[in-house]
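Just so it is clear: chains get the letters A, B, ... in the order the sequence lines come, proteins before strands, and each one is counted from 1.
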2 protein chains.
Amino acid sequence: MRRMTARPENTHQARLLRLLRDNGSNSRAQLGDLVDLSRSKLAVEVDRLLETGLVVADGLAPSRGGRRSHNIRLAPTLRFLGVDIGATSIDVAVTNAELEVLGHLNHPMDVREGPVAVFEQVLSMAAKLRASGLAEGFDGAGIGVPGPVRFPEGVPVAPPIMPGWDGFPVREALSQELGCPVMVDNDVNLMAMGEQHAGVARSVGDFLCVKIGTGIGCGIVVGGEVYRGTTGSAGDIGHIQVEPEGRACACGNRGCLEAHFSGAALARDAEQAAREGRSAYLAARLETAERLTAESVSAAAAAGDPVALELIREGGKRLGQVIAGLVSFFNPGLVVIGGGVTGLGHTLLASVRTQVYRQSLPLATGNLPIVLGELGPAAGAIGAARLISDHVFSPA
Amino acid sequence: MRRMTARPENTHQARLLRLLRDNGSNSRAQLGDLVDLSRSKLAVEVDRLLETGLVVADGLAPSRGGRRSHNIRLAPTLRFLGVDIGATSIDVAVTNAELEVLGHLNHPMDVREGPVAVFEQVLSMAAKLRASGLAEGFDGAGIGVPGPVRFPEGVPVAPPIMPGWDGFPVREALSQELGCPVMVDNDVNLMAMGEQHAGVARSVGDFLCVKIGTGIGCGIVVGGEVYRGTTGSAGDIGHIQVEPEGRACACGNRGCLEAHFSGAALARDAEQAAREGRSAYLAARLETAERLTAESVSAAAAAGDPVALELIREGGKRLGQVIAGLVSFFNPGLVVIGGGVTGLGHTLLASVRTQVYRQSLPLATGNLPIVLGELGPAAGAIGAARLISDHVFSPA
DNA sequence: CCTTCTTTCTCCACACACAGGACAAAGTCT
DNA sequence: AGACTTTGTCCTGTGTGTGGAGAAAGAAGG
């Protein structure tokens with residue numbers, strides 16, 4: 001079970017590994033140009049990496065007018081596990097060293113069932129993926145949880161929506177079970193890393209990634225690095241006030257963003273509209289289902305239901321209010337919107353954009369794209385794999 | 001006039017220079033411990049710095065039980081110029097290499113008179129300081145302007161309160177005139193750097209520095225470095241909405257923070273209260289002066305005028321609303337409040353604190369000090385000196 | 001006054017990292 | 001077959017940095 005993955009011996013090797021991860025296979029010559037090292041020095045480091053087995057040379061590339069080059073690539077047997085624990089479901093993915101998703105499982109589950117039950121589920125999903133032949137073992141695992149994390153220790157702290165997890169040694173426990181290095185982070189941060197690695201945020205240094213799920217959170221990337229704040233709670237925008245005397249929120253205050261717009265708030269509003277007979281479509285859905293969800297609203301909007309559309313527009317306006325403030329403050333180069341309710345899609349986006357462009361300073365919005373995430377439900381798991389690969393591909 | 005200041009040849013020398021700047025004089029042995037270099041290597045670098053004249057060895061330190069050490073310190077003739085251009089006044093300071101203020105001048109002037117007039121004033125103030133024997137020439141100058149700056153080029157961009165400065169090559173022009181390296185930044189960022197170097201924010205990695213002057217801005221420090229955003233407008237929080245259908249703002253929107261609370265808004269409110277006869281104190285002040293200012297309100301509050309106190313409390317509440325949102329989002333380790341109206345002092349602070357502690361998440365506010373800046377009007381100039389010293393003390 | 005112990009600073013030999021050129025290998029193109 | 005290209009290896013020179021052996025300068029104690 002335990003698998004001793006080699007680690008790079010120095011920063012050069014670490015850089016090479018990350019380069020191979022992000023750009024795929026390469027010849028020695030190309031690598032030399034990219035890292036700005038002499039061919040001789042580079043050859044030495046590559047040879048050492050070959051010895052440790054972290055990279056392999058498989059076959060020759062077609063000639064480009066001279067001697068054919070060897071393909072240097074990361075060991076094809078390397079496997080990372082990406083785990084994204086949401087409020088109501090768990091995503092687990094297996095990736096290769098290039099962070100391509102080889103297999104992906106999703107399982108509905110409430111985080112509030114506590115760390116023990118959730119862990120059991122995660123491990124069984126990991127085992128299933130392994131049993132299907134996708135991996136013999138894992139060289140690292142990243143895991144995201146829906147709440148603030150003390151990052152260096154990998155421990156959730158005072159998570160509002162997941163009581164019972166407070167102080168649970170997630171990193172320690174998972175590392176023990178899987179026999180490999182583990183890193184823990186907030187799910188929103190991982191989504192940001194996912195979009196940065198393989199999604200819309202490639203090549204953007206400073207950006208925000210707003211995730212709308214049961215609650216609302218925001219990943220902050222500064223200079224290519226996730227910013228986590230002093231106590232790990234940065235990006236917790238769900239309880240920013242949008243209406244001085246607005247709706248009562250579970251947190252005890254009034255007018256919080258989450259009270260006015262989030263997956264949960266949207267479902268509540270939809271149910272109310274259905275009961276009050278304002279929307280025939282939603283009322284019909286409520287007949288068949290026990291409860292309405294954000295997805296119900298998506299479906300209704302897609303079917304052209306005016307009440308659903310209005311709910312989304314109104315929500316987008318609220319969200320836009322907050323994002324407008326953040327854009328003025330943070331002046332990002334990109335705003336990504338993602339999470340479970342991306343089904344709300346362009347209606348939501350249009351509403352947010354209108355609000356932001358109207359309310360933020362021209363200098364900050366001048367060249368500011370506001371877009372939907374392009375990785376969908378896999379974003380978190382990919383980000384998790386990215387997180388642990390950054391760790392594994394750094395000097396021991 | 002032109003003064004060729006030597007520059008460090010490598011990062012070791014740069015680190016040594018900054019260490020000497022921040023910690024004052026030191027022996028070679030102490031330096032060796034601090035930089036984690038062998039004594040031999042260190043001796044070489046120090047000798048080279050001595051040759052270039054950037055540092056000097058003056059005298060022997062008292063023995064600590066063995067051979068007495070040489071005092072290594074930055075050249076006592078080094079001089080930095082710190083310039084802080086506010087909306088309505090100019091501050092100019094001369095510092096030594098340790099960034100201690102040797103002389104300081106202040107002159108009221110409206111930025112809107114344009115770059116040419118302001119420059120003339122700045123140069124004459126610098127000349128006056130030099131004439132008084134504080135400096136023979138300058139080894140670098142930092143300058144802050146009240147608006148967004150394209151930092152790498154040192155050029156203001158689309159500054160709302162200082163039209164006429166847009167695109168003016170501040171860095172280029174000042175460097176030409178003074179014959180030394182120049183760096184330009186937003187005044188708020190400089191205040192943050194000042195408080196970080198010599199004020200309340202020493203040893204805090206991530207913090208916010210809110211400056212209340214004619215407008216309102218916020219310096220953002222991430223991992224000890226000022227964050228400027230994609231287009232240099234980060235921290236521009238004056239136009240975040242605090243009241244959906246609030247007061248009309250000069251920017252064209254409604255309910256902006258600056259419309260409800262800032263030096264200018266405060267003065268306006270005070271005048272109105274005076275005219276409506278709600279405050280005898282303020283009315284009396286309006287008799288003698290042409291117009292009321294934020295300082296008038298400070299004085300009234302100090303004298304116990306209830307209307308002034310209420311204005312400040314109300315303003316603090318507005319400011320607190322915005323800061324509460326920023327604290328949730330950014331999760332800083334400290335919030336500093338400064339600027340011209342620090343005279344409002346603890347009344348304002350109390351009001352802000354109440355609002356923030358009530359409205360932000362406990363995890364973010366748990367151990368969050370909210371304090372007044374301790375450098376007063378010199379903060380900007382010190383920050384400016386710090387900015388340019390960081391530049392001069394880095395490899396060419 | 002002399003000895004011993006400390007601290008500071010200097011000098012020197014050695015290890016290591018890295019660059020850059022020469023050269024061999026393996027191609028393509030004419 | 002010969003000229004030219006690209007890739008990869010080998011070797012040597014150079015500059016960076018470490019660590020140890022002292023020398024210098026002083027304190028404390030007998």
*Partner residues of A:S132 under the side chain to side chain contact (heavy atoms under 4.5 Å, CB included) criterion, sequence neighbours left out*: A:L134
*Is B:R202 paired with B:D22 through a side-chain N to carboxylate O contact shorter than 4.0 Å?*
no
*asked:* Test your reading of the model: is there a side-chain donor-acceptor pair from A:R79 to the backbone of A:D139, 3.5 Å cut-off?
replied: no
*No-H, no-angle donor-acceptor pair, A:S69 side chain to D:dG8 base, under 3.5 Å*: no
*State whether B:F393 and B:R18 meet the cation-pi test: NZ (Lys) or CZ (Arg) under 6.0 Å from the six-membered ring centroid, and within 45° of the perpendicular axis.*
no
Under 3.5 Å donor-acceptor pairs involving side-chain atoms of residues 64-71 of chain B, not counting sequence neighbours:
unit_1	atom_1	unit_2	atom_2	d
B:R68	NE	B:A61	O	3.1
B:N71	OD1	B:S25	OG	3.3

*Provide, to the nearest angstrom, the distance between the CG atom belonging to B:L42 and the C1' atom belonging to D:dG19.*
15 Å
*Identify whether any heavy atom of A:K41 sits under 4.0 Å from a base atom; if not, whether one sits that close to sugar-phosphate; answer base, sugar-phosphate or nothing.*
sugar-phosphate
*Of the residues in residues 26-38 of chain A, which ones touch DNA chain D at a heavy-atom distance under 4.0 Å?*
A:R28, A:A29
_What I want to find out is whether B:D390 reaches B:R21 closely enough, with some N-O distance under 4.0 Å, to be called a salt bridge._
yes
*Give a yes or no answer on whether the side chain of B:D206 reaches the backbone of B:G223 with a donor-acceptor pair at less than 3.5 Å.*
yes
*Answer yes or no: is there an ion pair linking B:E51 with B:R48, defined by an N-O contact shorter than 4.0 Å?*
no
*Counting only non-hydrogen atoms, which of residues 43-58 of chain B are less than 4.0 Å from DNA chain D?*
none
*Under a 4.0 Å N-O cut-off, is there an ion pair linking B:D47 with B:R28?*
yes
_Ignoring hydrogens and geometry beyond distance, is the side chain of A:S40 in donor-acceptor contact with the base of D:dG8 at under 3.5 Å?_
no
_Tell me which residues in residues 6-24 of chain A lie within less than 4.0 Å of DNA chain D, going by non-hydrogen atoms._
none
*Under the 3.5 angstrom rule, does the side chain of B:R73 hit a backbone N or O of B:G24 as a donor-acceptor pair?*
no
*Taking C-beta and beyond as the side chain, do A:L81 and A:V94 meet within less than 4.5 Å on heavy atoms?*
yes
_At under 4.0 Å between heavy atoms, how does the protein contact nucleotides 22-30 of chain C? Give one character per nucleotide, 5' to 3', with B, S or -._
B-BBBBS--
*Backbone of A:E374 reached by a side-chain donor or acceptor of A:E195 within 3.5 Å*: yes
